[in-house]
Amino acid sequence: KAGVTQTPRYLIKTRGQQVTLSCSPISGHRSVSWYQQTPGQGLQFLFEYFSETQRNKGNFPGRFSGRQFSNSRSEMNVSTLELGDSALYLCASSLETIREQYFGPGTRLTVT
Amino acid sequence: AQSVTQLGSHVSVSEGALVLLRCNYSSSVPPYLFWYVQYPNQGLQLLLKYTSAATLVKGINGFEAEFKKSETSFHLTKPSAHMSDAAEYFCAVGRGSTLGRLYFGRGTQLTVWP
């Protein structure tokens, strides 16, 4: 089975712009979670989607949003980028009844 | 709220030595517990998981972890370190009431000396 894929792998944006990151889960997985990883804050949960519905949300401003499509693929969007949004954004997928998450390689976002 | 503490942000061992990475969690109910490994410029790879079956859990690459409820610990061990084990290791906790969300420790960077 193919693993979790994320595109793009690297992205450079300037302050004020917006960005969309994409995640394709493992086939059959319906839950997709997003995390932000930074050296200062570590791994922080952004949100989780299941069957196109957001079930859980972390403590991030409204500039961070996401969605999930009927094929379980997910996107996250960050509007009005700030320098502090520079991070590795990780997507993870899991089966509903099994709690372990399988991570993609991440998207490295740099905001200048 | 969940809390995961990894004691020691950096651990160094010699090749062939025992690896011990510590993890303590706070939870009022039995949690799901995981260890992940992250190599540079990569995502997280699942090493092993505890889901209330056996307290001693075996994972990939020779790693294992023991769940000790009385100590609220889930330490990761490997009898003999290999150079390829050098990476960052994360302990994580999940609960049924927080769907899709794992709480991660701050990570332990493992260095293996030849």
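Any value given below was found using the heavy atoms of this structure, including those in side chains, with hydrogens, waters and symmetry copies removed. So you know, we letter chains A, B, ... as the sequences are listed, proteins then strands, and number each from 1. None of the values given here were measured: they were computed from a predicted structure.
- Taking the six-membered ring for Trp and the full ring otherwise, A/Phe45 and B/Tyr103 have centroids separated by 6.0 Å or more.
- Using a 4.5 Å cut-off between heavy atoms, A/Leu88 contacts chain B through its side chain alone, with no backbone atom that close.
- The environment of A/Asn59 atom CG is sparse: at most 12 non-hydrogen atoms of other residues, nucleotides or ligands sit within 6.0 angstrom.
- One finds the OH atom of A/Tyr102 at 7.5 Å from the OH atom of B/Tyr36 (value rounded to the nearest 0.5 Å).
- For A/Phe47, no part lies under 4.5 angstrom from a heavy atom of chain B.
- Distance check, rounded to the nearest 0.5 Å: OG of A/Ser94 to CG of B/Leu102 gives 8.0 Å.
- Here the side chain of A/Gln101 pairs a donor or acceptor atom with the backbone of B/Gly100 at under 3.5 angstrom.
- A/Gln37 touches chain B through its side chain: at least one heavy atom from C-beta onward sits under 4.5 Å away, while N, CA, C and O do not.
- A donor-acceptor pair is defined here as one N or O able to donate and one able to accept, closer than 3.5 Å; such a pair exists between the side chain of B/Arg106 and the backbone of A/Gly40.
- Linking Ile, Leu, Val, Met, Phe, Trp and Tyr whenever their side-chain heavy atoms come within less than 4.5 Å puts A/Leu11 and A/Leu81 in one cluster.
- In this structure, the side chains of A/Leu43 and B/Gln38 stay at 4.5 Å or more apart for every pair of heavy atoms.
- Within 6.0 Å of atom CZ in A/Arg63, more than 12 heavy atoms from other residues, nucleotides or ligands are found, so the atom counts as buried in its surroundings.
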B/Phe104/A/Gln44 under side-chain contact (heavy atoms from CB on, under 4.5 Å): CA gap, chis, key distance, verdict
CA-CA 8 Å; B/Phe104 285 88; A/Gln44 293 187 288; over 6 Å; no

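- A/Ser33 places no side-chain N or O within donor-acceptor distance of the main-chain N or O of B/Arg101, the cut-off being under 3.5 Å.
- Connection of A/Leu90 to A/Leu46 is not established within any shared hydrophobic cluster, with ILVMFWY side chains joined at heavy-atom distances below 4.5 Å, either directly or through further cluster members.
- Applying the 6.0 Å contact sphere to CG of B/Leu7 captures more than 12 heavy atoms from other residues, nucleotides or ligands.
- Note: the hydrophobic cluster containing A/Met76 does not contain A/Tyr35 (ILVMFWY, side chain heavy atoms under 4.5 Å, direct or indirect links).
- Contacts between B/Leu44 and chain A at a heavy-atom distance below 4.5 Å involve backbone atoms as well as side-chain atoms.
- B/Val19 and B/Trp113 fall into different hydrophobic clusters, where Ile, Leu, Val, Met, Phe, Trp and Tyr side chains are chained together by heavy-atom contacts under 4.5 Å.
- Atom CZ of B/Arg22 has 12 or fewer heavy atoms from other residues, nucleotides or ligands within 6.0 Å.
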